[in-house]
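Letters go in sequence order (proteins before strands), and every chain restarts at 1.
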There are 2 protein chains.
Amino acid sequence: MKKRPSIKDVAERAGVSMATVSRVLSGDYPVSGETRARVERAVRELDYVVNAHARALHGATSKVVALVVAEVVTPFFARIAAGVEEQATLAHRLCLVCTTHADPDRELDVVRLMREQRADAVILAGGVVENDDYRERMRGYAQGLENAGSRLVLCARPSLGPDFPAISVEYENVGGAHAATTHLLTAGHRKILMVAGPVGLTTSDQRVEGYRSALAMYGLPVDPVMISHGPWDRDGGYLRMRALLESGPEFTAIFAGNDGVAAGAIAALREAGRRVPDDVSIVGYDDVPSAADFNPPLTTVRVPQAELGRTAVRLATESSRETSGREHVMLGTHLVIRDSVRPLAG
Amino acid sequence: MKKRPSIKDVAERAGVSMATVSRVLSGDYPVSGETRARVERAVRELDYVVNAHARALHGATSKVVALVVAEVVTPFFARIAAGVEEQATLAHRLCLVCTTHADPDRELDVVRLMREQRADAVILAGGVVENDDYRERMRGYAQGLENAGSRLVLCARPSLGPDFPAISVEYENVGGAHAATTHLLTAGHRKILMVAGPVGLTTSDQRVEGYRSALAMYGLPVDPVMISHGPWDRDGGYLRMRALLESGPEFTAIFAGNDGVAAGAIAALREAGRRVPDDVSIVGYDDVPSAADFNPPLTTVRVPQAELGRTAVRLATESSRETSGREHVMLGTHLVIRDSVRPLAG
DNA sequence: CTGTTAGCGCTTTCAG
DNA sequence: CTGAAAGCGCTAACAG
């Protein structure tokens with residue numbers, strides 16, 4: 001295993017100076033055709049590739065954008081990641097992906113690693129528990145990243161205000177929940193259970209807010225027992241629905257915090273002999289790719305995850321000095337009507 | 001935006017030499033407690049972080065593993081990615097993700113980028129069309145990567161033989177298909193349609209092979225018209241099933257090349273008034289997370305994607321000089337029985 | 001234990 | 001158009 005060739009080797013082989021090699025490699029510089037050809041041949045013969053690190057030592061940043069998420073398996077994050085990767089490629093950037101498992105310590109480590117890498121942008125994606133600790137942490141990141149020449153992007157989570165030195169890309173989370181609930185309401189349902197996520201998690205809280213506002217719009221009171229908080233994956237939905245069925249309030253419809261919860265709830269409902277949608281209607285959130293294959297096909301709220309990811313990278317890589325990395329964009333959501341909601345009989 | 005501090009600034013502020021700073025930063029070196037404290041304080045006050053690039057300029061590689069896949073949204077790849085990321089983190093590596101959209105040119109670009117980055121390992125994951133061009137390309141990668149000190153890992157695709165200088169991590173793809181088909185056979189089905197992927201794609205071809213071998217084991221002939229090749233996503237499954245229903249052979253069961261195809265096929269079947277599993281049984285492949293929520297819950301083959309990803313990284317980061325990056329591991333698959341198969345009536 | 005001094009591989013003035 | 005030389009920020013001998 002011989003040592004890999006450096007620009008010096010190429011220069012020697014081509015009989016030119018290192019500077020010349022560097023010039024033909026970077027392209028944008030007048031070099032005589034003959035010299036260029038010789039260098040290119042040497043490069044090919046040596047199978048030479050530049051050392052990105054040596055190169056990055058000069059410029060301020062390093063042509064990579066980093067995506068930091070809690071985890072990467074759920075369709076929600078996978079689709080954000082796909083959008084980020086796609087746009088990063090378009091912007092001639094590499095895409096680094098890290099997970100935190102929602103652990104602030106891990107997040108701290110990861111953001112710092114990204115600083116070490118001199119990433120152009122660090123994209124923090126997904127809901128969070130938005131307490132003081134969080135805000136302070138973000139302020140620290142923003143500062144550290146900013147005077148390292150890279151930008152912080154908050155994606156699929158609330159903006160921290162127009163004065164906060166970060167780009168934000170949100171989606172109409174509250175609006176989507178409002179629309180979902182309204183859909184149930186217009187179908188005549190009044191006893192609507194909301195099976196939400198953990199208390200405090202922004203994504204879930206906003207969805208609860210949309211649920212509340214829709215009810216309010218109909219002049220209906222919000223009964224706290226109709227809102228269940230807890231883990232919002234399939235298991236959480238299944239377990240909580242089972243408990244609710246056993247000793248919970250009456251209901252004719254369910255607004256599930258996300259499609260995973262909806263899947264679990266449907267399974268529990270079916271086990272209990274309640275037919276969906278004949279006996280109980282349900283709407284989900286996120287529109288995971290398989291929502292159309294659920295039984296019944298799930299009416300749910302489509303979230304533009306890929307677009308969130310793309311936009312995050314686009315803003316981060318294009319943002320001009322004027323805006324100084326403080327822009328804020330809000331993407332829309334919309335209800336996808338399938339077959340899990342029925343007008344209330346009677 | 002002032003310039004970011006370098007190790008020199010820290011040294012000055014702490015009143016020591018750069019070497020000393022470097023030593024306390026790397027940790028593994030005797031430094032007096034007092035000096036260490038002073039350096040650490042300076043680091044904190046300056047909010048200093050090392051420059052990973054400058055550091056990487058010394059060592060041969062750069063603590064990153066790269067994952068190269070066709071795309072990142074489907075659960076199959078998302079789960080491999082999750083495994084890779086997880087294990088990379090354990091091995092104190094960063095995880096770079098790139099997509100090729102199955103375009104060889106793009107793949108070439110990406111692998112070269114990874115070489116520029118001095119990645120420890122480059123993991124190529126997912127099925128491929130295994131022609132001469134492919135083999136030659138891989139040989140080129142392996143060579144380039146090898147004498148750059150990093151390793152090539154072939155993941156979820158066939159090994160290129162024990163002499164090929166790459167690590168391979170496969171799963172029992174043929175075996176899983178064999179088991180799936182046998183499951184249908186033991187339920188009494190004889191007219192089994194195989195809705196496979198594109199001809200030549202290793203993943204699909206192996207599944208067809210398992211289908212054939214199971215039939216052969218039962219002494220049954222393999223009728224070519226019973227095997228449909230084409231795009232193997234939900235749409236492909238839907239469209240092809242519709243065509244098959246209109247003017248295809250008779251069948252009582254279906255072996256779908258993957259769960260997406262199964263979902264599409266089920267949708268088409270239902271539209272045509274054929275009940276699943278009462279009229280036709282079906283088994284899928286991959287066991288996507290939502291397979292249990294399909295209508296009916298889908299019997300399918302579980303593939304250990306996360307484990308494939310983890311193993312790929314583990315072998316790449318742990319492989320010793322003796323094995324010289326040539327190991328080959330095969331992971332198991334198994335049938336997950338749910339509710340989409342019924343014994344053939346009569 | 002600590003400082004000095006070479007580079008690592010590349011880009012970029014500054015001179016030809 | 002091309003070359004020489006000065007670093008970029010860090011680590012790794014080599015001396016104290």
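What separates CD of B/Q117 from C1' of C/dC10 is a distance of 14 Å, to the nearest Å. Atom pair A/R4:CZ and C/dC8:P shows a separation of 13 Å (rounding to whole Å applied). Going from atom CD of B/E12 over to atom C1' of C/dT4 covers 15 Å, rounded to whole Å. The distance from atom CG of B/N51 to atom C1' of C/dG9 is 14 Å, rounded to the nearest whole Å. Rounding to whole angstrom units, CG of residue A/L57 and P of D/dA6 are separated by 18 Å. One interatomic measurement links the two molecules: OH of B/Y48 to C1' of D/dC10, which rounds to 7 Å at whole-angstrom precision. Atom-to-atom, NE2 of A/H53 to C1' of C/dT11 comes out at 17 Å; the value is rounded to the nearest Å. Going from atom CD1 of A/I7 over to atom C1' of D/dA4 covers 14 Å, rounded to whole Å.
Each of B/H58 and B/G15 has a nearest nucleotide on DNA chain C; the 5'-most of these lies closest to B/G15. Remark on DNA chain C: of its neighbouring residues B/V16 and B/A54, the 5'-side contact belongs to B/V16, judged by nearest-heavy-atom nucleotide.
Taking only side-chain nitrogens and oxygens, B/S32 comes nearer than 4.0 Å to OP1 or OP2 of C/dT2. Between A/R55 and C/dC10 there is no side-chain polar atom (N or O) within less than 4.0 angstrom of OP1 or OP2. Proximity of A/T35 to the phosphate of D/dT2: a side-chain N or O atom is located under 4.0 Å from OP1 or OP2.
In this structure the side chain of A/H53 never reaches within 4.5 angstrom of the side chain of B/R55, judged on heavy atoms. Contact of the A/V39 side chain with the A/Y48 side chain is not registered, since no non-hydrogen atoms from C-beta on lie closer than 4.5 Å. Within the 4.5 Å cutoff, side-chain heavy atoms of B/R137 are placed close to those of B/E107. The shortest distance between side-chain heavy atoms of A/R118 and B/V49 falls below 4.5 Å. Residues A/K63 and A/L94 have side chains not in contact (no heavy-atom distance under 4.5 Å, counting atoms from C-beta outward).
With values rounded to the nearest 0.5 angstrom, A/F76 atom CZ is found 5.0 Å from A/Q305 atom CD.
Only A/A19, A/T20, A/R23, listed by number, bring a heavy atom of residues 18-26 of chain A to less than 4.0 angstrom from any atom of DNA chain D.
By the 4.0 Å N-to-carboxylate-O rule, B/D109 lies too far from B/R112 to be salt-bridged with it.
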